[in-house]
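A single structure is presented below for examination.
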There are 2 protein chains.
Amino acid sequence: MPDAAGAATLVDVAQAAGVSLATASRAFNSPALVRESTVQRVLEAARHLSFRPNLLGSKLRAQQSRMIGVMLPTLENAVFAECWRGMEDAALAAGYSLMLVTSAYDPARERERIEYLLRHRVDGMVLTVADAADSAVLDQLDREGVPYVLAYNQAATGSRRHSVSVDNRGSAREGVEALIAAGHRRIRVVSGAFMASDRARQRFDGYRDAMRAHGLAPAEPLCLPTHTASNAGQIRALAAGPDAPTAFFCTNDLLAIGVISDLKRLGLRVPRDISVLGYDGIALGALVEPALASVVQPNTEIGERAVARLLARFAPSRAKPPDDAAPGRITLLPHTLRLGGTVAAPA
Amino acid sequence: MPDAAGAATLVDVAQAAGVSLATASRAFNSPALVRESTVQRVLEAARHLSFRPNLLGSKLRAQQSRMIGVMLPTLENAVFAECWRGMEDAALAAGYSLMLVTSAYDPARERERIEYLLRHRVDGMVLTVADAADSAVLDQLDREGVPYVLAYNQAATGSRRHSVSVDNRGSAREGVEALIAAGHRRIRVVSGAFMASDRARQRFDGYRDAMRAHGLAPAEPLCLPTHTASNAGQIRALAAGPDAPTAFFCTNDLLAIGVISDLKRLGLRVPRDISVLGYDGIALGALVEPALASVVQPNTEIGERAVARLLARFAPSRAKPPDDAAPGRITLLPHTLRLGGTVAAPA
DNA sequence: TTGAAAGCGCTAACAA
DNA sequence: TTGTTAGCGCTTTCAA
């Protein structure tokens with residue numbers, strides 16, 4: 001009864017199978033090195049004893065945890081929840097585990113949580129940080145030689161950092177150009193706190209590109225610290241007046257949904273009176289009526305690819321692909337535009 | 001340069017501080033047992049060497065991982081994302097780590113993922129399963145003596161299982177009674193797949209209770225396998241005809257949001273033509289316009305309390321707090337009703 | 001108050 | 001093809 005006095009260990013299995021500890025271990029990890037009948041005997045013994053390998057032991061001994069640390073700002077924005085699904089699938093399929101922490105967009109907490117992951121001896125990390133270009137914690141990771149891949153953050157060209165994202169600036173520009181093509185001239189950007197998201201800033205740059213390319217004057221962004229009812233006042237101030245915008249470009253979908261509600265409360269109809277374009281392409285956006293127009297990112301794929309990229313960094317470059325020329329550190333995944341719904345021609 | 005040739009270990013710290021390995025360990029774990037000046041010396045050496053404890057070593061040796069396994073159906077429903085936040089805060093504050101897996105409401109995957117957590121030697125688990133009353137995997141955990149606490153699932157009275165949830169049936173009944181109080185008589189329930197959620201069934205029972213208590217005939221529930229556009233047809237069929245319901249009670253908020261969109265597409269106005277009541281109280285519901293009426297659960301608190309309860313099971317009941325006349329295995333947290341918004345009197 | 005020593009469960013040389 | 005052996009980094013008796 002190994003369960004009563006603690007679970008069976010590999011030693012117990014070896015004993016029961018009449019082989020040495022080493023052979024028992026090999027039967028699991030490199031069965032090719034063991035005679036087939038011996039493998040069977042070991043497996044049989046293991047089953048009989050309800051043997052469950054203690055990963056803590058292997059991790060310690062093998063000096064690799066086969067764990068990937070994941071730090072995301074929050075899961076309460078579906079973008080990241082969708083991304084997590086991609087990561088979980090990709091990691092477990094490859095025999096890796098994930099350890100998740102959230103940073104709440106707080107750089108101090110980022111540091112803390114990453115230190116925590118490091119103590120757990122994760123082999124590498126997938127991270128979404130507030131600002132990839134100016135991140136003390138990323139610099140530290142570089143210094144320590146810990147492999148990581150950014151998700152959503154877009155590494156600067158020429159940067160040593162690896163990232164998987166869409167082209168934030170270019171895609172935002174495309175989205176705003178679609179607005180312009182629909183006839184909009186007075187377009188305003190609504191964003192979460194810029195400080196907390198370099199993506200938001202890049203998307204704003206894309207807005208500026210689009211406006212300028214079409215001879216329009218970009219306006220200052222409206223930065224909301226967080227989307228609560230109290231922001232309705234700011235939206236109201238913006239949406240009123242003779243020169244009121246005919247379209248809002250929100251740097252994420254959740255924000256867009258909140259803005260639309262605010263506009264409705266002000267008696268405005270979307271998209272008849274005013275258009276709203278979001279960014280992210282969360283599944284929920286397609287569910288609401290009218291459907292949320294959005295710049296759609298492949299969120300689940302971003303998760304999968306970020307993990308795949310990290311795994312590739314672990315592998316000792318078999319058949320070394322030219323590395324820097326070929327796959328490149330920066331992966332830009334294709335985005336799409338979902339128009340219609342909350343976007344229409346201005347009144 | 002301990003970083004080049006591998007990170008510094010406790011042995012290095014001990015050496016640098018001129019003490020034994022044991023003393024160095026104590027300086028961190030039981031500083032009370034070590035002379036103050038010695039503690040300082042060790043800490044100083046650790047800082048100097050950028051010592052980072054290897055949790056894998058301690059976990060293995062201490063025969064406890066201080067890890068909690070968490071299994072949730074998905075994070076893409078904000079209910080669970082909100083719950084995760086509560087768990088993360090509670091666990092990290094107590095010095096525990098979390099390992100998250102998702103089951104996608106699939107019992108086979110539940111087994112698999114739990115086995116995976118077990119191999120990681122989690123000290124216990126917080127779980128949301130498809131059906132707590134009939135779960136092979138829960139039975140197995142009981143047999144093996146692995147402590148776990150259910151979140152959202154409500155253990156049957158008299159069950160040996162621990163759970164933290166709201167009173168699903170009672171709260172649903174209250175919600176439906178509010179509908180009845182508003183003047184509704186023809187009320188239908190829309191649910192996700194019953195098989196995948198015992199909560200959905202319990203909430204349906206609450207609906208039945210309410211209807212019967214008021215002399216109304218409960219109708220069959222409409223069970224949607226998943227909420228996609230193709231369900232609009234079923235909603236249409238339900239919402240049409242002379243005896244069409246004047247209100248829908250959806251067993252979760254995400255579903256409710258989808259149903260509302262479907263109704264809008266059918267040209268119906270919510271709540272003027274038809275009322276919709278959700279369940280869960282996700283933050284998003286308060287953001288949309290009109291606000292989603294809902295039976296509100298304290299999601300973050302459910303996460304916190306589930307972790308707290310598990311932690312309490314770990315501790316050898318010190319000075320047993322009278323708490324609740326013995327805390328009891330089943331914790332029912334208070335719910336609230338958020339009315340107005342998508343619920344109004346029938347036309 | 002401190003140290004010596006024995007492992008936790010496992011993998012991976014090195015031998016046979 | 002299999003076995004012997006030496007730890008991975010840490011905690012924790014047991015003695016001093």
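A, B, ... follow the sequence lines: proteins, then strands. Residue 1 opens every chain.
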State, with a plain yes or no, whether a side-chain heavy atom of B/W84 is found less than 4.5 Å away from one of B/T300. no
Looking only at heavy atoms, the pair that brings B/D12 and B/T9 closest together is OD2-N, 2.7 Å
5'-most by nearest nucleotide on DNA chain C - A/P53 or B/E36: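 With A/P53 and B/E36 compared, the 5'-side residue is B/E36.
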A/L10 side chain, from C-beta outward: closest of C/dA13, C/dT2, C/dT11: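 My answer, after comparing the listed nucleotides, is C/dT11.
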Range on DNA chain D touched by chain A - first to last nucleotide, heavy-atom distance under 4.0 Å: D/dT1 to D/dG9
I need the CZ-P distance between A/R26 and C/dG9, as an integer number of Å.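 To the nearest whole Å, that distance equals 21 Å.
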Base, sugar-phosphate or nothing for B/S25? Non-hydrogen atoms, less than 4.0 Å.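 Base contact.
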In whole Å, I'd like the distance from the CG atom of A/L21 to the C1' atom of C/dG7. 14 Å
Using a heavy-atom cut-off of under 4.0 Å over every strand shown, decide if A/L55 touches base, sugar-phosphate, or nothing. nothing
Given A/M87, which of A/I302, A/L72, A/I68 fulfils the side-chain contact (heavy atoms from CB on, under 4.5 Å) condition?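 Passing option: A/L72.
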Given atom CD of B/Q40 and atom C1' of C/dT1, what is their separation to the nearest angstrom? 16 Å
Is there a donor on the side chain of B/R61 or the base of C/dG9 sitting less than 3.5 Å from an acceptor on the other?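 By the distance-only test, no, there is no pair.
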Within this structure, what is the CG-to-P distance between A/N54 and C/dG7, rounded to whole angstrom?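 Nearest whole value for this atom pair: 18 Å.
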Looking at the side chain of B/R35, which of C/dG9, C/dT1, C/dG7 is the nearest nucleotide?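 Between C/dG9, C/dT1, C/dG7, the one nearest the side chain of B/R35 would be C/dT1.
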Within-4.5 Å side-chain heavy-atom neighbours: A/T128 and A/F80: yes
B/A32 or B/G57: which one's nearest nucleotide on DNA chain C is closer to the 5' end?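 With B/A32 and B/G57 compared, the 5'-side residue is B/A32.
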Under 4.0 Å, counting only non-hydrogen atoms across every strand here, what does A/F51 touch: a base, just sugar-phosphate, or nothing? sugar-phosphate
How close or far is atom P of C/dG3 from atom CG of B/L33, stated in whole angstroms?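 Nearest whole value for this atom pair: 14 Å.
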Do you know which of A/V101, A/L118, A/L310 makes side-chain contact (heavy atoms from CB on, under 4.5 Å) with A/M125?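 Result: among A/V101, A/L118, A/L310, A/L118 is the only option passing the side-chain contact (heavy atoms from CB on, under 4.5 Å) with A/M125.
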